[in-house]
Amino acid sequence: MNGAESLVRTLLACGVDTVFANPGTSEMHFVAALDRFPALRCVPALAEGVVGGAADGYARMAGRPAATLLHCGPGLMNALANLHNARRARVPVLNLVGDQATHHRPLDAPLTADTEALARTVSAWVRTSAAAHAVGADAAAAVAAARDAPGAVATLILPSDCCWDEGGVVGTPRAHAPPAPVPDERVQSVARLFERGERMLLLVGGSALAKGLGAAARLGRMPQCRLLAPMSNARVARGRGQAAIDRVPYSVDAALKQLAGVQHVVLVESQPPVTFFAYPGKPGRQLPPGVQVHVLAQPDEDGADALRRLEREVELRADEADDPEANAPARGPVTPEALARSLAALLPEQAVVVDEGVSVGRAMYSALAHAAPHDWLQLTGGAIGDGLPLATGAALGAPGRRVVGLQADGSALYTLQALWTQAREQLDVTTVIFSNRRYAILQGELAAVGAQAGPAAKAMFELQRPDLDWPKLAAGFGVEAARADSMERFNDLFAHANARRGPFLIEAVL
Ligand SMILES: Cc1ncc(C[n+]2csc(CCOP(=O)(O)OP(=O)(O)O)c2C)c(N)n1
Ligand SMILES: [Mg+2]
């Protein structure tokens, strides 16, 4: 058995059966092993940004890691932005990077780079295998490191001689650390805060959001308490039957207004909220000055369990909330509000919504709070170009569920190659392109940072001259597509897309 075969056998033994790959010469022995192991699903991607984002989307839905397969330092560089998003999502990713053979590295051949240094920027764990016999044990350690609560990117670098040399040994799966229970004293001290009747904010993130709110929602309905989620979240369980939860707004003014008067913040798998950027003369922290911050659960602790225990300690005085009546789909011109209304009415049951809707997408989150039950996946690290890859990985991580991508046009163009993977694997993904033909958010940011902008500066944010032809772009990658310039047409296309198998793209012209 060579090192590559010991790697494949170890992955399968550790429950890793999906690989997103863009390989090169140094990964050939791994590729060659695929024919002997049909249980390993290897999904090709045409750009490494797709690999990183798809591994993230897969992990968010499957709850366990996929592997990536990347080529040397430069292949990893291309994947880093979306691996950064995965790091911020705190999901498990087994990041495999093939590299120069051990004895070839000193020759400084063209693709030689400081692969470990690059990997460290996104990884909680980095190791370079030293020899074929070590590869299996290294891979088992990497999977456990990726899965330690709450989840992280673990990078294993594989010099090509370690893969082709004989002497491979299959690694034994290792236990990983589950979320730690929150100590009783902490639950009780937060319970005492609730009893003081002062104005509180319960800020719930991480796995507590992904599992459904239950206790948090009931606590959040107490008269003195507000319930919010952070601005960006890996996964939120929502829709009919689930309590709605708003997010801390993007704008600093809106956030300060919303949180004015709050005296205590209780963090559950979350951090004190800050603005995306600094703006001249404005605060970077979104909490009002003087607020007291308390931690109920850290990100590696079991926040959902802590909330249930907190609920038992506190004497609840809250009513059950009802789901409001559903609205009919919108008609007439395509606007963000009309799209939100139609999506709320027509979202398929158990959809996985992937939100990289940027400025148009802002109208969607609250509008879909009482749509059919669904999971909501967001861009977590602010690095745009994640939406199409996330949707691709989510479809593989949640087979049988429709993925609905709410996708800003400019952001989609960073990693458009994901469409080809969706077509090749016949993934059930409906992509809705919010085609405003500009970088709309940056037009607002220009004013927000106080920059003086003339026509040349403003033209930087227009995606026109030439216009992008979305149905043709999608068709070029093998994905069927159509354009909607009225809500009637959008409603028909959206229903049609969700009723068929395989991917479909709708350009919603705003
Ligand atoms: C990797 C990365 N590059 C660049 C940016 C800066 N940026 C933020 S939003 C944006 C444009 C977004 O345009 P679009 O996706 O069309 O959304 P819209 O603003 O039109 O809603 C850019 C370039 C970023 N956030 N991340
Ligand atoms: Mg746009």
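Just so it is clear, the values below take in all heavy atoms, side chains as well, and ignore hydrogens, waters and symmetry mates. Counting convention: from 1, in listed order, for ligands and their atoms alike. Each residue takes its place number in the sequence, starting with 1.
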Q: Applying a strict 4.0 Å limit to heavy atoms, is Ala383 in contact with ligand 1?
A: yes
Q: What do we get for Ser411 next to ligand 1 when only non-hydrogen atoms under 4.0 Å count, side chain, backbone, both or neither?
A: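 Within the 4.0 Å criterion, Ser411 contacts ligand 1 through backbone and side-chain atoms alike.
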Q: Ignoring hydrogens and geometry, is there a side-chain-to-backbone donor-acceptor pair from Ser486 to Arg489 under 3.5 Å?
A: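 The answer is yes, because a donor-acceptor pair under 3.5 Å joins these two groups.
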Q: Identify the protein heavy atom lying closest to atom 16 (O) of ligand 1, giving its residue, its atom name and the separation to 0.1 Å.
A: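 Of every protein heavy atom, Asp409 OD1, 2.7 Å lies nearest to atom 16 (O) of ligand 1.
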Q: Quick one: are Glu488 and Asp492 in side-chain contact, heavy atoms under 4.5 Å?
A: no
Q: Please state whether the rings of Phe490 and Phe494 are parallel, tilted or perpendicular, taking 30° and 60° as the class boundaries.
A: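 Ring orientation of Phe490 relative to Phe494: parallel.
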Q: Yes or no on salt bridge (Lys or Arg N to Asp or Glu O under 4.0 Å) for Glu269 and Arg90, after CA distance, side-chain angles and deciding distance?
A: CA-CA 11 Å; Glu269 298 185 41; Arg90 303 185 199 279; over 6 Å; no
Q: Flag the pair Arg105 / Thr115 as yes when at least one side-chain heavy-atom distance between them is below 4.5 Å, and no otherwise.
A: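 Contact flag for Arg105/Thr115 side chains = yes.
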Q: Without swapping roles, check the side chain of Glu356 against the backbone of Gly387 for a donor-acceptor pair under 3.5 Å.
A: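 Here the side-chain-to-backbone pair exists.
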Q: Does atom CD of Gln464 have more than 12 heavy-atom neighbours from other groups under 6.0 Å away?
A: yes
Q: Which protein heavy atom lies closest to atom 22 (C) of ligand 1, and at what distance to 0.1 Å?
A: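 In this structure, atom 22 (C) of ligand 1 has Ile384 CD1, 3.4 Å as its nearest protein heavy atom.
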Q: Please confirm whether Ile441 comes within less than 3.5 Å of ligand 1 when only nitrogen or oxygen atoms on both sides are compared.
A: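 It does: an N or O of Ile441 is found under 3.5 Å from an N or O of ligand 1.
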Q: So is there a nitrogen or oxygen of Val358 less than 3.5 Å from a nitrogen or oxygen in ligand 1?
A: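 N/O-N/O distance below 3.5 Å does not exist for this pair.
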Q: Sort out for me which residue in Val97, Leu96, Leu69 forms a side chain to side chain contact (heavy atoms under 4.5 Å, CB included) with Leu158.
A: Leu96
Q: Counting from 1, what ligand 1 atoms have a heavy atom of Ala408 closer than 4.0 Å?
A: 14 (P), 15 (O), 17 (O)
Q: Output the list of atoms in ligand 1 that are nearer than 4.0 Å to some heavy atom of Asn436, sorted by atom number.
A: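 Ligand 1 atoms under the 4.0 Å threshold to Asn436: 18 (P), 20 (O), 21 (O).
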Q: Check whether any N or O atom of Tyr439, backbone or side chain, sits under 3.5 Å from an N or O atom of ligand 1, and answer yes or no.
A: no
Q: Using a strict cut-off of 4.0 Å, indicate which atoms of ligand 1 neighbour a heavy atom of Gly382.
A: 24 (C), 25 (N), 26 (N)
Q: Does the protein put any heavy atom within less than 4.0 Å of atom 6 (C) of ligand 1?
A: no
Q: To the nearest 0.5 angstrom, please state how far the CD1 atom of Ile433 sits from the CG atom of Leu510.
A: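 Reported to 0.5 Å precision, the distance equals 11.5 Å.
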Q: Under 4.0 Å from a heavy atom of Gly410: give me the atoms of ligand 1 that qualify, with their elements.
A: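 Checking each atom against Gly410, I get 14 (P), 15 (O), 16 (O).
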Q: Of all the atoms in ligand 1, which lie at a distance below 4.0 Å from a heavy atom belonging to Ser359?
A: 18 (P), 19 (O), 21 (O)
Q: To the nearest 10 degrees, calculate the angle at the Mg ion (ligand 2) involving O of Arg438 and OD1 of Asp409.
A: 110°
Q: Below 2.8 Å, any N, O or S contact between Asn436 and the Mg ion (ligand 2)?
A: yes
Q: In Å and rounded to the nearest 0.5 Å, what is the OH to CZ distance from Tyr365 to Arg247?
A: 5.5 Å
Q: Tell me whether Asp409 contacts the main-chain N or O of Asn436 through its side chain, where contact means a donor paired with an acceptor under 3.5 Å.
A: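 Confirmed, Asp409 side chain pairs with Asn436 backbone.
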Q: Heavy-atom pairs closer than 4.0 Å: do any link ligand 1 to the side chain of Arg438, the backbone, both, or neither?
A: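 The part of Arg438 near ligand 1 is the backbone, not the side chain.
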Q: Can Tyr414 be said to touch ligand 1, with heavy atoms closer than 4.0 Å?
A: yes
